[in-house]
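Heads up, the thing below is written out as structure tokens.
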Amino acid sequence: MNLNEIKPENFIENIVLEDLKNGKVNYVQTRQPPEPSGYLHIGHVRNIMLNYGIAKKFNGVCNLRFDDTNPTKEKQEFVDAIQEDVHWLGFDFKNVYYATDYFQQNYEIAIKLIKEGKAYVCDLSPEELSQTRGTLTQPGTNSPYRNRTVEENLTLFEKMKNGEFPAGKCCLRAKIDMSSPNINMRDPVIYRIQYNTHQRIGNTWNIYPSYDFSHPLDDALEGVTHSICGLEFEDHRPLYNWVVENSGIANHPQQIEYSNLMIKGVIIGKRHIKRFVAEGKISGFDDPRVYTLRGLRRRGVLPQSLLEFSKAASVSKTTTVCEMDFFEHFVREDLNKISKRVMAVLTPIKLIIENYEKDEEDIILEDYPQNENTTTRIYKFGKELYIDSDDFRKTPEPKFHRLLIGNKVRLKGAYVIEVTHFDEDENGNVTCIYANYDPNTKSGTANANNVKVKSTIHWLNVKHSQPIEARLFENLTLESEIQNGDYVFNPNSLIIKHGYIESGLNLSFDERYQFLRNGYYCLDKDTTNDLPVFNRTVTLKDSKKK
RNA sequence: UGGGGUGUCGCCAAGUGGUAAGGCACAAGACUUUGACUCUUGCAUGCGUAGGUUCAAAUCCUGCCACCCCAGCCA
């Protein structure tokens with residue numbers, strides 16, 4: 001999907017931006033505000049599209065703004081990675097800003113608030129503060145420091161800024177209402193002391209504004225008209241408005257919340273991914289089994305598929321948990337159009353065509369059958385072939401219509417064959433299959449369809465095949481809901497197959513491949529040995545049944 | 001038990017007083033050099049629930065139920 005095709009109207013309808021619907025507003029400015037504390041994942045795509053698309057639609061701009069107000073969690077590594085990933089998706093933001101850009105202005109507004117008696121320095125320890133905040137059902141109690149004089153607050157805040165207090169000694173709080181039923185309004189902390197070195201501004205500041213203070217201010221300062229965020233911030237909206245209203249800034253952005261997008265069972269949380277990396281169960285944030293953008297990219301997913309998926313998932317305020325099939329549908333749709341069809345056998349077993357007398361024979365295969373102008377290539381048919389052992393059954397299950405004694409099957413691009421007999425070892429494992437072919441059934445010839453078959457299987461000429469390694473990723477998903485308050489995941493989801501692929505192919509990292517019936521693959525960029533290594537993106541639609 | 005949200009097919013989701021769009025999944029059939037793709041057909045007498053208003057209700061009103069979020073000097 002081209003970015004120009006993003007149609008945010010639907011989104012706008014959904015999130016009930018009344019003014020926009022009514023045509024009262026014709027300019028919208030948004031921002032994409034990631035905290036650089038982790039990698040972007042599939043859930044971020046829709047947020048990016050939404051912010052970018054709405055601004056574009058309504059003559060405005062969307063800036064990328066890093067919410068970098070907490071140096072204990074953030075790293076330059078993430079700042080860089082987020083920008084890379086955003087570009088990979090195809091977005092080019094007007095400007096790249098940082099919350100730290102606004103620290104001086106944030107500070108001046110804090111001073112203004114103090115002077116107006118709307119903020120005070122509180123010496124309560126974090127524990128005491130927590131205790132006096134009250135509970136969900138009981139109001140909080142006023143801090144004993146709530147009524148300090150403006151002069152005292154100014155002095156204390158200045159000392160905080162100058163690094164004269166240890167971290168945690170005191171903080172700046174907005175003076176709102178300790179008895180509010182909304183806990184966020186019970187004198188929230190808007191500045192805290194923080195001595196960690198910041199990845200961008202080093203040690204220039206000893207005090208850091210909290211999200212609830214800097215975010216609305218930065219939105220307002222930047223000219224944002226609509227501040228779109230997750231549902232978890234609904235309770236923060238009154239505070240957002242309070243901050244903007246008391247800031248003296250003319251621009252008053254409107255915060256709009258909507259549901260985050262999830263996929264059933266998929267691990268997205270940084271917490272879990274970090275844990276699996278630490279436990280050595282996955283290789284990192286780009287492991288193809290996790291749904292970070294980097295993981296998905298390495299797995300072979302195209303950015304336009306992510307955009308299509310996100311668009312189709314729509315936007316609402318209901319809890320959105322899509323099924324895996326819904327996501328994979330969009331991945332397959334794109335991959336099907338552009339993938340190069342290649343013959344591969346992942347669990348090889350020999351097939352001898354007993355009545356085949358010739359040495360070799362040219363078979364014409366289409367590289368991209370979905371493309372009218374597809375190129376073709378020649379492959380060699382012969383007497384001694386590899387097929388996938390999974391395509392044969394001694395005793396077939398119901399509805400199995402690939403190879404079994406007495407059943408006719410087409411070898412892709414070649415002939416219809418019928419199994420005559422097979423060899424097996426002392427354990428009953430099939431070691432070699434023997435078949436006869438029908439010379440009148442060659443694909444593409446006039447009478448190719450005289451014999452109807454229910455299935456076509458892939459094959460390789462033993463003399464014209466090269467070894468490969470195929471990594472089949474099962475999705476890293478929730479194995480069971482919740483146990484002892486924690487999630488239980490299934491990280492043992494990597495299956496490695498040593499098989500064969502056609503020899504003579506010019507393999508490319510930019511290409512996607514479809515191994516017939518096995519799904520869509522791409523070369524793994526981390527390949528270090530000489531053997532081509534393929535990662536499977538998704539399976540073909542029906543191949544997972546069987 | 002306080003506050004804020006959400007409830008339309010297995011999943012996502014339109015619908016905003018005029019008699020339930022669409023996509024995914026699923027099922028059946030056609031086609032076939034992939035059991036793919038493509039095509040055709042089917043799939044909510046029902047909109048959390050109980051009442052009420054109305055000629056007419058998923059849409060308006062009232063009660064109830066279920067689920068999610070909030071008590072970081074995180075975002």
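Source: prediction; values computed, not measured. Throughout, a chain's letter reflects where its sequence line sits, starting with A, and its residues are numbered from 1.
Across all strands shown, B:U38 pairs with B:A30; the Watson-Crick or G-U wobble distances both stay below 3.5 Å. In this structure, B:G2 forms a base pair with B:C70, meeting either the Watson-Crick or the G-U wobble geometry with both donor-acceptor distances under 3.5 Å. Across all strands shown, B:C60 forms a Watson-Crick or G-U wobble pair with B:G52, both key distances being under 3.5 Å.
Of the possible polar contacts, none joining the A:N153 side chain to the A:I114 backbone as a donor-acceptor pair under 3.5 Å is found. Checked by atom type and distance alone, the side chain of A:Q255 pairs as donor or acceptor with a backbone atom of A:F233 at under 3.5 Å.
When heavy atoms are screened at a 4.0 angstrom cut-off, A:K442 is found touching no nucleic acid atom at all. Contact annotation for A:F327: no contact, since no heavy-atom pair falls under 4.0 Å across all strands. Across all strands, A:S210 comes closer than 4.0 Å only to sugar-phosphate atoms, never to a base (heavy-atom distances). Note on A:S259: nothing from the nucleic acid sits closer than 4.0 angstrom, heavy atoms only.
Distance A:E234 CD to B:C70 P: 12 Å, rounded to the nearest Å. Atom P of nucleotide B:C37 and atom CG of A:D542 are separated by 7 Å, given to the nearest angstrom.
When the nearest nucleotides of RNA chain B are assigned to A:T137 and A:A313 by heavy-atom distance, the more 5′-ward of the two goes with A:T137. Comparing A:Y520 and A:H236 by the nucleotide of RNA chain B whose heavy atom lies nearest to each, the residue mapping closer to the 5' end is A:Y520.
In terms of phosphate contacts, A:T318 brings a side-chain nitrogen or oxygen within less than 4.0 Å of OP1 or OP2 of B:A13.
Of the candidates B:G2, B:C24, B:A75, the closest approach to any side-chain atom of A:E323 belongs to B:C24. Relative to the side chain of A:R192, the nucleotides B:C12, B:C73, B:G72 differ in distance, and B:C73 lies closest.
Regarding the sugar-base torsion, B:G72 falls in the syn class, its angle being within 90° of 0. Glycosidic conformation at B:G46 (O4'-C1'-N9-C4 for purines, O4'-C1'-N1-C2 for pyrimidines): syn, within 90° of 0.
Within the structure, the salt bridge (charged side-chain N to carboxylate O under 4.0 Å, His left out) test picks out the following pairs touching residues 230-241 of chain A (sequence neighbours left out): A:E234-A:K317, A:R237-A:E257. Contacts classified as salt bridge (charged side-chain N to carboxylate O under 4.0 Å, His left out) and involving residues 365-376 of chain A (residues at least two apart or in different chains) are given here: A:D367-A:R377.
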